[in-house]
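The residues of the chain are indexed from 1 along the displayed sequence. All of these numbers come straight from a predicted model, not from anything done at the bench.
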Amino acid sequence: MTIRTEILINASKEKVWDVLTNFEGYSIWNPFIIESHGKPIEGSYLTNTMVSCDGTMTFKPKILKMEKYRYFDWMGKLIFKGLFDGHHYFEIVELGANQVKVVHGENFSGLLAGLILKKIGNDTRDNFIKMNLALKAEAESLV
């Protein structure tokens with residue numbers, strides 16, 4: 001069960017990376033993950049507050065991989081691993097000196113994944129798209 005979105009951004013991979021990995025800055029521009037605390041370091045944990053169907057929800061995902069200017073991901077879980085897990089990722093594909101494609105998605109698994117995604121899947125996809133558009137606006141404003 002996957003949600004995958006893409007957006008073209010007219011900014012360098014470095015600018016896009018800097019915006020995406022400045023977690024403390026999410027509260028300024030991000031309409032989906034409205035607050036984030038933590039360091040962009042593999043193995044560390046973030047504290048993220050996101051907009052959900054029912055208001056807001058705070059979760060603490062673990063950063064799995066950081067490939068500077070190219071890719072990072074984290075793994076989150078609901079209560080305990082295997083119930084409802086989300087592998088969230090961002091991939092930056094350089095198309096030119098000042099243009100990238102950002103692939104933003106999440107792979108869901110766990111006992112309740114199908115049931116929960118029936119309820120929140122469309123809303124989650126819409127929030128990914130809102131975040132993508134806001135990322136584009138923020139990164140392009142820095143050019």
Geometric class of the His104/His88 ring pair [parallel <30°, tilted 30-60°, perpendicular >60°]: tilted
Phe128 reachable from Val51 in the ILVMFWY side-chain graph, under 4.5 Å edges: no
Same apolar cluster: Leu95 and Trp17, side chain cutoff 4.5 Å: no
Considering all heavy atoms, the nearest Ala139-Val19 contact: CA-CG2, 4.3 Å
ILVMFWY network linking Tyr89 to Met1, side-chain heavy atoms under 4.5 angstrom: no
NZ on Lys130 to CG on Asn30, rounded to 0.5 Å: 11.5 Å
Side chain to side chain contact (heavy atoms under 4.5 Å, CB included) between Thr21 and Met66, worked out: CA-CA 10 Å; Thr21 60; Met66 299 289 291; 3.8 Å; yes
Which atom of Glu94 lies closest to which atom of Val100, heavy atoms considered: CA-CG1, 4.1 Å
Sole residue of Ile63, Asn107, Leu64 in side chain to side chain contact (heavy atoms under 4.5 Å, CB included) with Met75: Leu64
Main-chain N/O of Gly82 paired with Lys77 side-chain donor or acceptor, under 3.5 Å: no
Lys65 backbone acceptor or donor facing Asp73 side chain under 3.5 Å: yes
Ser44 side-chain N/O to Lys39 backbone N/O, donor-acceptor pair under 3.5 Å: yes
Inter- and intrachain pairs under side chain to side chain donor-acceptor pair (under 3.5 Å), touching residues 113-124, at least two apart: none
Ile92 CD1 to Leu135 CG distance, which is reported to the nearest 0.5 Å: 8.0 Å
Nearest heavy-atom neighbours spanning Pro31 and Trp29: CD-O, 3.3 Å
Heavy-atom side-chain contact between Asn48 and Phe23 under 4.5 Å: no
Leu142 with Ile28, same ILVMFWY side-chain cluster at under 4.5 Å: no
From CA spacing to verdict: side chain to side chain contact (heavy atoms under 4.5 Å, CB included), Leu20, Met131: CA-CA 10 Å; Leu20 268 178; Met131 180 177 173; 4.2 Å; yes
Steps toward side chain to side chain contact (heavy atoms under 4.5 Å, CB included) verdict (His87, Glu106): CA-CA 5 Å; His87 176 228; Glu106 191 158 2; 5.5 Å; no
Test item: Arg125 side-chain N/O and Ile120 main-chain N/O as donor-acceptor pair under 3.5 Å: no
Separation of Lys101 NZ from Leu8 CG (nearest 0.5 Å): 8.0 Å
Inter-residue atom distance Phe84.CZ - Phe108.CZ, 0.5 Å rounding: 5.0 Å
ILVMFWY network linking Phe90 to Ile7, side-chain heavy atoms under 4.5 angstrom: yes
Heavy-atom check, side chain of Lys136 versus side chain of Val16, under 4.5 Å: no
Contact summary for Ile33 and Tyr26, nearest pair of heavy atoms: O-CB, 3.5 Å
Approximate separation, where rounding is to 0.5 Å, of Lys81 NZ and Lys62 NZ: 10.0 Å
Gap between atom CD1 of Ile34 and atom CE of Met50 - 0.5 Å precision: 10.5 Å
From CA spacing to verdict: side chain to side chain contact (heavy atoms under 4.5 Å, CB included), Leu78, Phe59: CA-CA 8 Å; Leu78 180 65; Phe59 62 105; over 6 Å; no
Aromatic ring pairing Trp74/Phe72, orientation class (parallel under 30°, perpendicular over 60°, tilted between): tilted
